[in-house]
Amino acid sequence: MRQLLYISTAAPGAVVDTAGLLAISVRNNRRDGVTGLLWTDDRRFLQVLEGEGAAVQRVFDRIKADLSHRGIVVLHDRAIAVREFGAWEMARRGPADSADAFDIRMRHHLAAASPTVRGTFEGLIAARRAA
Ligand SMILES: Cc1cc2nc3c(=O)[nH]c(=O)nc-3n(C[C@H](O)[C@H](O)[C@H](O)COP(=O)(O)O)c2cc1C
């Protein structure tokens, strides 16, 4: 089992259709046995993908070719014994979400994540909140 974590930034001027992205990803990732989590505030993306090695590579190759974001940096790419995310989910802090409600959702998503993965998500969220 492979787990890949990357960060990226929306392309300048790109308006990312997060609802459309969620629908496509849920459909494809379910089909391909890929689980994980995508966090976005519509400007930055932090995504963990996990599954069979070749399946993770195929989805990541499509993601890398997507012109709606750029500056893709892989933070880690490692073998894991068991999945840390049971499903593929997306967490977006929309304008109507309170920080508390969002924190509770993220805690739920990250409940089984390793300290490294959880720390990376929490660090980025704190940095974006402080920006
Ligand atoms: C930040 C970001 C994350 C994405 N995550 C996924 C994903 O987890 N799974 C997926 O299939 N596509 C994802 N996409 C969309 C892909 O880039 C691509 O548009 C899509 O896989 C094409 O699917 P289709 O061939 O079924 O139309 C993501 C795109 C972006 C910008």
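Ligands are counted one by one from 1 in listed order, and the atoms in each one are counted from 1 as well.
The protein non-hydrogen atom at the shortest distance from atom 28 (C) of ligand 1 is Leu21 CD1, 3.3 Å. Shortest contact from atom 23 (O) of ligand 1 to any protein heavy atom: Asn28 ND2, 3.2 Å. Taking atom 16 (C) of ligand 1 as the reference point, the nearest protein heavy-atom neighbour is Asp66 OD2, 3.7 Å. In this structure, atom 25 (O) of ligand 1 lies nearest to the protein heavy atom Arg62 CD, 4.3 Å. In terms of protein heavy atoms, atom 12 (N) of ligand 1 is closest to Ser25 OG, 3.6 Å. Counting only heavy atoms of the protein, atom 27 (O) of ligand 1 lies nearest to Arg27 NH2, 4.2 Å.
Those atoms of ligand 1 that come under 4.0 Å of a heavy atom in His69, given as number and element, are 1 (C), 31 (C). Close approach of ligand 1 to Asn29 is summarised as follows: ligand atoms under 4.0 Å from at least one heavy atom of the residue are 7 (C), 8 (O), 9 (N), 10 (C), 11 (O). Close approach of ligand 1 to Ser68 (heavy-atom distance below 4.0 Å) involves ligand atoms 31 (C). Near Phe45, meaning under 4.0 Å from any of its heavy atoms, are these atoms of ligand 1: 1 (C). Contact atoms of ligand 1 toward Ile24: 20 (C), 23 (O) (distance under 4.0 Å to a heavy atom of the residue).
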Name the atoms and distances for all side-chain donor-acceptor pairs under 3.5 Å in residues 52-59, with sequence neighbours left out.
from, atom 1, to, atom 2, distance (Å)
Glu52, OE2, Ala54, N, 3.4
Gln57, OE1, Arg2, NH1, 3.0
Gln57, OE1, Arg2, NH2, 2.9
Gln57, NE2, Asp61, OD1, 2.9

Under 3.5 Å, sequence neighbours excluded: what are the donor-acceptor pairs made by side chains of residues 66-75?
from, atom 1, to, atom 2, distance (Å)
Asp66, OD1, Ser68, N, 2.9
Asp66, OD1, Ser68, OG, 2.5
His69, ND1, Ser8, OG, 2.8
His69, NE2, Ile63, O, 2.8

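Across Phe85 and Ala113, no two heavy atoms sit closer than the pair CZ-CB, 3.9 Å. Smallest separation of non-hydrogen atoms from His109 and Ala91: CD2-CB, 3.9 Å.
You'll find the ring centres of Phe60 and Tyr6 inside the 6.0 Å limit.
Between Arg128 and Arg43, some side-chain heavy-atom pair lies under the 4.5 Å cut-off. A heavy-atom distance below 4.5 Å is not found between the side chains of Gln47 and Trp39.
Looking at Val59 against ligand 1, only its side chain comes within 4.0 Å, counting heavy atoms.
The pair Arg78-Glu84 meets the salt-bridge criterion, with a side-chain N (NZ, NE, NH1 or NH2) lying under 4.0 Å from an Asp/Glu carboxylate O. Salt-bridge formation is not detected for the pair Asp32/Arg27: no Lys NZ or Arg NE/NH1/NH2 atom is positioned less than 4.0 Å from an Asp or Glu carboxylate oxygen.
Looking at ligand 1, you won't find any N or O of Tyr6 less than 3.5 Å from one of its N or O atoms. Ligand 1 has an N or O atom lying under 3.5 Å from an N or O atom of Gln47, backbone or side chain. Remark: ligand 1 and Ser8 share no N or O pair separated by less than 3.5 Å (distance only, no angle test).
For Arg30, the CZ atom sits in a loose shell: 12 or fewer heavy atoms of surrounding residues, nucleotides or ligands are nearer than 6.0 Å.
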